Amino acid sequence: MWQHLTANLVAVALFVSGWNYVQPWLEGRSQKFRLLAFGCIMGWGALTSMLLSVELRPGVLLDFRTSLVATAGLFAGLPGALVAAAFPLGYRLAIGGQGLPAGLIGIAVAVAAGVLANRIMGQRQPRAWQVLLFALCVGLAVFVPASILPQSTAPDIRLILPLIALNAAATAVAGLVVLHTQLVTKERDLLRAAVAQAPDFYYVKNMRGQFVAVNQTVAAHNGYDHPVQMTGRTDFDIADAARAQILFGQEQRMLKSGEGIADFEEQLPDVKGNLRWFSTSKTPVRDVDGNVIGLVGVTRDITAHKQVEQALLEAKNQLSYALSEMSDGLAMFDAEGALVFCNEQYREFFPLTGDLRVPGTRLRDILEAVTVTGEQVGIPKGHEREWIDAVVGALHTPGEQQIKLFDGRWLMLRTRPTEAGLALVVVSDITEIKSTEGELTTLSNQLAQLANTDPLLGVGNRRAFDQKLAGLVADASRSDREFALLLIDVDSFKAYNDRYGHLAGDECLRQIADCLRQRTRASDFVARYGGEEFAVILPEVSAAGAIRVADNLRAAVRERALEHDRSERKVVTISIGVATSAPAARHNPTSLILRADKALYAAKAGGRDATRLAEPDVGFQPIPLPRKA
């Protein structure tokens with residue numbers, strides 16, 4: 001009998017483990033379909049358990065069918081429980097016997113227990129201790145069908161107690177495995193969602209060149225509705241054979257050498273046939289033993305950048321051509337440095353010394369007048385004589401010089417010696433050009449700022465955050481400076497979006513971003529970490545100071561009094577995890593983020609609207625953490 005019951009327990013574990021393998025195939029399906037599929041697998045497991053049951057007396061079966069039926073109810077609610085119960089229910093009706101009423105009642109109790117636990121949990125993710133408590137309750141439920149059996153067929157109390165323990169164990173195994181699967185799936189979904197929001201093309205390939213994961217941008221670019229549809233495909237499925245062969249050979253060489261490809265630019269047609277520029281970087285991915293197991297690639301559309309670059313190049317060429325043909329100011333000096341010829345425009349460029357710039361005047365005399373009148377800006381004080389000698393000495397050397405006049409105008413002086421020993425000087429007003437250069441510099445700075453700013457919230461984006469954190473970590477490892485990292489999550493934000501809509505959700509995030517900006521210093525760095533998560537970097541702040549700042553930020557959000565009737569506090573609140581760097585200690589950005597994320601998880605688990613300080617760093621341990629609800 002005990003061998004059969006052990007086989008029963010193994011069957012339960014086998015079917016629950018099978019759910020792990022089926023889960024990836026259900027990605028992209030509706031939630032209703034996934035719940036029904038889960039119920040079917042649990043129902044098959046329950047049926048298998050009954051096929052391996054121990055027949056204590058004719059019609060009285062001992063098995064673990066209720067553990068899987070109850071587990072289906074716990075994680076899939078009423079629909080999943082009913083689907084799972086249909087399998088053992090039909091079989092029990094078919095075989096009949098004296099224990100039929102007790103068997104049916106046992107299945108009904110399992111359905112009720114699972115559905116009740118599901119309703120109690122609501123939208124929350126069960127915890128391990130809750131699953132164990134549920135398993136104990138399911139085990140004790142064995143008393144219910146046993147109590148209605150006739151005394152002549154009822155199992156002895158010495159058999160009931162082991163059955164309770166085994167049923168509880170089977171339920172615990174099933175529940176914990178399914179719980180672990182859900183946690184891993186949520187972490188994977190969160191990572192994919194974060195990557196999917198990126199405008200760039202992100203993809204991961206294995207050693208055979210097959211896509212393991214891509215983001216939505218890659219899928220849409222190649223004509224697929226969902227990234228999962230590209231799993232297992234290669235470049236031969238999405239590109240012509242010639243290009244696919246080139247990419248495959250390039251990647252295979254990279255995987256063998258272990259050296260990545262950085263910023264490889266190429267021009268390719270998009271889905272509409274328009275030529276666009278792309279920049280690609282690929283890096284080999286290694287396992288814990290250092291072996292190359294695949295590659296990760298990032299491709300960025302740089303068409304706009306190329307267009308701006310080409311426009312600037314064309315403008316520069318046109319400007320150079322125009323300057324080479326214009327004679328706004330023209331002067332010619334002989335071998336002795338005396339002015340031989342000049343036009344009226346030349347004299348008008350120099351209003352303070354224009355009366356001296358007439359044929360016959362030596363360049364040295366003109367320059368001495370310039371130093372006296374202050375017509376040209378930037379002449380070294382106390383070294384006027386050396387400056388004059390340098391200018392006169394360079395008169396018969398080809399060159400160009402930009403000078404600034406007292407009235408703010410900029411002039412371009414181009415000197416070209418002739419074969420006759422003369423020197424031709426062409427002067428052009430480049431004030432507008434200099435102004436354009438300043439505007440282009442300003443525009444470039446603005447573009448750089450936009451590239452590092454979240455367009456919705458006006459704070460730093462994830463790329464800017466990564467760069468800032470990496471810089472501070474490197475600086476802290478070399479100095480006595482310390483800093484703090486705050487990871488912030490909006491409490492129950494999904495419920496807020498469901499209640500008020502996504503437009504209201506965006507406005508809520510803007511309000512919170514405004515709070516963070518107002519309550520932090522100019523030297524602090526505020527960024528959107530992803531979705532409803534924010535990050536704040538506090539340079540030169542101790543742990544106590546960081547806690548004060550975090551509590552101040554939480555108070556600021558509460559003071560906004562943003563209505564949230566699905567929150568326990570009826571207003572929008574935030575939870576914060578705090579991690580600090582020790583002075584002169586070796587850190588890396590990932591370890592700090594993990595510590596802060598773990599502290600944030602503790603703050604969320606402790607009831608939300610809370611601040612938690614991460615434990616001291618004990619070395620980098622890249623262990624995935626359960627994500628926040």
Side-chain angles (χ1 to χ4, degrees), residues 197-203 214-223 235 238-240 242-247 249-251 254 260-283 296-328 398-402 404 409-414 416 426-456 458 460-464 466-467:
Q197 295 177 12
D200 297 334
F201 300 80
Y202 289 90
Y203 46 92
V214 302
N215 67 347
Q216 184 62 42
T217 306
V218 176
H221 180 78
N222 290 288
D235 289 316
I238 61 176
D240 60 84
R243 172 164 173 75
Q245 187 61 47
I246 293 174
L247 291 174
Q250 181 189 67
E251 291 174 354
M254 183 190 72
I261 301 171
D263 300 325
F264 175 73
E265 296 183 1
E266 57 183 342
Q267 195 174 23
L268 299 170
D270 59 13
V271 291
K272 297 181 180 179
N274 301 319
L275 288 177
R276 303 188 68 82
W277 280 95
F278 296 92
S279 174
T280 299
S281 297
K282 298 178 182 179
T283 303
V296 59
V298 179
T299 299
R300 180 169 301 156
D301 189 332
I302 59 171
T303 304
H305 173 75
K306 282 291 186 180
Q307 290 173 344
V308 172
E309 188 179 80
Q310 184 63 28
L312 290 175
L313 181 60
E314 292 176 358
K316 182 179 179 180
N317 292 336
Q318 293 173 0
L319 183 59
S320 298
Y321 176 77
L323 289 176
S324 66
E325 297 298 322
M326 290 174 57
S327 299
D328 292 339
E400 296 180 351
Q401 182 184 10
Q402 297 180 8
K404 185 177 182 180
R409 288 181 298 121
W410 281 87
L411 302 180
M412 169 71 80
L413 278 63
R414 291 176 294 170
R416 296 292 183 267
V426 179
V427 182
S428 302
D429 188 340
I430 60 169
T431 304
E432 292 185 3
I433 298 173
K434 297 293 287 186
S435 175
T436 301
E437 288 180 356
E439 292 174 357
L440 289 175
T441 301
T442 301
L443 177 60
S444 177
N445 294 335
Q446 291 174 347
L447 290 175
Q449 178 66 21
L450 289 174
N452 291 306
T453 302
D454 184 272
L456 175 66
N461 59 17
R462 178 62 184 272
R463 174 166 50 188
D466 289 340
Q467 293 173 350

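What's counted below: heavy atoms across the whole structure, side chains too, no hydrogens, waters or symmetry copies. From a predicted model like this one, the values you see are computed outputs, not experimental measurements.
- Side-chain N or O atoms of N222 include none that pairs as donor or acceptor with a backbone N or O of A239 at under 3.5 Å.
- For the pair I430 and M412, the tightest heavy-atom approach, listed with the atom from each and the gap, is CG2-CB, 3.6 Å.
- Taken from NZ in K282 to CG in L247, the straight-line distance is 5.0 Å, to the nearest 0.5 Å.
- Atoms CD and CZ, from E266 and F278 in turn, are 8.5 Å apart once rounded to the nearest 0.5 Å.
- In terms of the salt bridge (Lys or Arg N to Asp or Glu O under 4.0 Å) criterion, R463 has no residue partners (sequence neighbours excluded).
- Closest heavy-atom contact between L456 and D454: N-OD1, 3.0 Å.
- Inter-residue side-chain proximity for F201 and H221 is flagged as met; some heavy-atom pair is nearer than 4.5 Å.
- Defined by atom type and a distance below 3.5 Å, a donor-acceptor pair is present between the side-chain atoms of T299 and Y203.
- From R276, atom CZ reaches atom NZ of K306 across 13.5 Å, with rounding to the nearest 0.5 Å.
- Proximity of H305 to S279: side-chain heavy atoms (C-beta onward) are nowhere separated by under 4.5 Å.
- The number of heavy atoms from other shown groups lying within 6.0 Å of CD (E432) does not exceed 12.
- For the atom pair E251 CD and I246 CD1, the distance stands at 12.0 Å (nearest 0.5 Å).
- Considering every non-hydrogen atom in both R414 and S428, the closest pair reads NH2-OG, 3.9 Å.
- A salt bridge links R416 with E400; the closest basic N to acidic carboxylate O contact falls under 4.0 Å.
- Looking at every heavy atom in both residues, D429 comes nearest to L411 through CA-CD2, 4.0 Å.
- Between D235 and R243 the shortest side-chain heavy-atom distance does not fall below 4.5 Å.
- Residues K434 and Q402 bring a donor and an acceptor atom of their side chains to less than 3.5 Å of each other.
- Interatomic distance, L413 CG to Q401 CD, rounded to the nearest 0.5 Å: 6.0 Å.
- Without hydrogens or angle criteria, T453 side chain to G458 main chain gives no donor-acceptor distance under 3.5 Å.
- One distance of note links OG1 of T280 with CD1 of I261; it measures 8.5 Å at 0.5 Å rounding.
- Counting only heavy atoms from C-beta outward, the side chains of N452 and Q467 approach each other to under 4.5 Å.
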